[in-house]
Student: 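Dumping the structure here so I can ask a few things about it.
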2 protein chains.
Amino acid sequence: MSAERFADTPAPPYYAVIFTAQRSEVEAGYEATAERMVELAAGQPGYLGIESTRDAQGFGITVSYWASEQAILAWKHDLEHRAARQQGREAWYTRYELRVARIERAYGWQRKDPSKDAT
Amino acid sequence: MSAERFADTPAPPYYAVIFTAQRSEVEAGYEATAERMVELAAGQPGYLGIESTRDAQGFGITVSYWASEQAILAWKHDLEHRAARQQGREAWYTRYELRVARIERAYGWQRKDPSKDAT
C-alpha cells in the first residue's frame, strides 16, 4: 500500500519541484482538479513521479520529480496546468512556496517484514 | 498561523533534504524525539528552516533547508541525530526515502487579505 505513496525515481541527478502550500477552506473543484493535474503531469515528457501529503490543518507538501529542467518548464507552460494554478490562487490556496531543485544524491530504507516476504 | 509552517529561506542557491517517510504504528517516544530533532537541527550551523506535514495515514514529507552541503553532512553526523535515526529504523518508520537537493530557483505567493491587513 505505502509503495504507491513513494516515487520510484532513478539514480541522481534528476530534478524536483517542491510545492509547499496552505489550503484555504474552499473545497469546490479542488479534488477533481488535483487528480486531473496528477494525471496530466504523469503524461508529460520527463515525468518521474510524485509524492504528496497534507495534514488536517490543510498544510501540504507535494514533490514532483522530473528528468530535466526542460521537462519542468514544459509542465509549467502547459495551458491546462496554468489554468489550474490560476484557480489555485483564486480559491484553493492562501499561500504557497515553490522551489525547483536538482537532486544530487538519494537513498532509501525499507523495513524487512518476514510476514510479507512469505506472501 | 500558517506563517510558522513555511520556511523563511534566502534567495537560491541553497540546499534541501527531502525526507519522505511512512510512519509505523509505534508512537512511543516519537513525538518527543521529533521535537528534539527540530530543536537540534535549528541550532546547527547553516540551518535555514524546515517544512513538514503528515497525513492521517502516517505518510509524511519533511523538507529541511541548509546553506551548504557541508552543513547537511555535519547534521548527518551529529551523534544525537544518528541515534534518533537508528530508533526511527527500529520503531517509528516502515520506509523512508531521503534526497539531497540543490535549490536552483524559488518563488512564492500569498493571498492578500484586507481583513488581516487592518490588524
Side-chain angles (χ1 to χ4, degrees), chain A residues 1-9 12-24 26 49-63 65 69 72-73 85 88-113 116, chain B residues 1-9 12-24 49-63 65 69 72-73 85-86 88-113 116:
Chain A
M1 183 193 74
S2 78
E4 299 165 18
R5 306 294 302 269
F6 290 92
D8 184 22
T9 44
Y14 53 93
Y15 290 82
V17 178
I18 306 167
F19 179 72
T20 307
Q22 177 62 51
R23 283 274 282 111
S24 70
V26 178
I50 194 166
E51 294 172 337
S52 185
T53 189
R54 185 168 61 238
D55 66 17
Q57 287 74 47
F59 187 76
I61 301 177
T62 296
V63 189
Y65 300 100
E69 290 209 79
I72 291 172
L73 286 174
R85 293 204 304 278
R89 286 186 293 270
E90 288 171 3
W92 300 317
Y93 298 112
T94 60
R95 181 179 174 183
Y96 61 74
E97 300 292 328
L98 190 149
R99 297 173 175 97
V100 177
R102 182 181 194 268
I103 306 291
E104 306 280 359
R105 57 183 192 279
Y107 52 92
W109 170 87
Q110 188 161 11
R111 181 169 298 180
K112 290 188 178 73
D113 187 342
K116 287 183 182 168
Chain B
M1 182 193 74
S2 79
E4 298 165 17
R5 305 293 302 268
F6 290 92
D8 184 20
T9 44
Y14 53 93
Y15 290 82
V17 178
I18 306 167
F19 178 73
T20 306
Q22 178 62 51
R23 283 274 282 111
S24 70
I50 194 165
E51 293 172 336
S52 187
T53 189
R54 185 168 60 238
D55 66 17
Q57 287 73 47
F59 187 76
I61 302 177
T62 296
V63 188
Y65 300 100
E69 290 209 79
I72 291 172
L73 285 174
R85 293 205 304 278
Q86 180 63 31
R89 286 187 293 269
E90 288 171 3
W92 301 316
Y93 297 112
T94 60
R95 180 178 174 184
Y96 62 72
E97 301 291 328
L98 190 149
R99 296 174 176 96
V100 177
R102 182 179 192 268
I103 306 291
E104 307 280 359
R105 57 184 193 278
Y107 52 93
W109 170 86
Q110 188 161 11
R111 180 169 298 178
K112 291 188 176 72
D113 187 341
K116 287 184 181 167

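The chains referred to below are lettered A, B, ... by the order of the sequence lines, with proteins before strands, and numbering in each begins at 1. Computed from a prediction, not measured in an experiment: that's the story for all the values here.
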Student: Excluding sequence neighbours, so at least two apart, what forms side-chain contact (heavy atoms from CB on, under 4.5 Å) with B:Thr53?
Tutor: A:Thr53, A:Asp55, A:Phe59, A:Ile61, B:Arg5
Student: Between A:Arg105 and B:Ile72, is any pair of side-chain heavy atoms under 4.5 Å apart?
Tutor: yes
Student: What residue, out of B:Ala56, B:Ser52, B:Gly58, has the most heavy-atom pairs lying under 4.5 Å from chain A?
Tutor: B:Ser52
Student: Could I get the full list of side chain to side chain donor-acceptor pair (under 3.5 Å) partners for A:Tyr14, not counting sequence neighbours?
Tutor: A:Thr9, B:Arg99
Student: Taking side chain as everything from C-beta outward and backbone as N, CA, C, O, which of these in B:Phe19 sits under 4.5 Å from a heavy atom of chain A? Side chain, backbone, both or neither.
Tutor: neither
Student: Compare every heavy atom of B:Arg111 with every heavy atom of A:Ser24, then report the nearest pair and how far apart it is.
Tutor: CB-NH1, 4.3 Å
Student: Can you tell which part of A:Arg54 gets under 4.5 Å to a heavy atom of chain B, answering side chain, backbone, both or neither?
Tutor: backbone
Student: Show the nearest heavy-atom pair for residues B:Trp109 and A:Arg89, with the distance to one decimal.
Tutor: CH2-O, 3.2 Å
Student: Locate the shortest heavy-atom distance separating A:Gln22 from B:Phe6; write the atom from each residue and the value.
Tutor: N-CZ, 3.7 Å
Student: If you compare all heavy atoms of B:Arg102 against all heavy atoms of A:Glu104, which two are closest, and at what distance to 0.1 Å?
Tutor: CB-OE2, 3.5 Å
Student: Under 4.5 Å from any heavy atom of chain A, what part of B:Ile18 do you find: side chain, backbone, both or neither?
Tutor: side chain
Student: Passes side chain to side chain contact (heavy atoms under 4.5 Å, CB included), A:Val63 versus B:Glu97? Steps please.
Tutor: CA-CA 12 Å; A:Val63 189; B:Glu97 301 291 328; over 6 Å; no
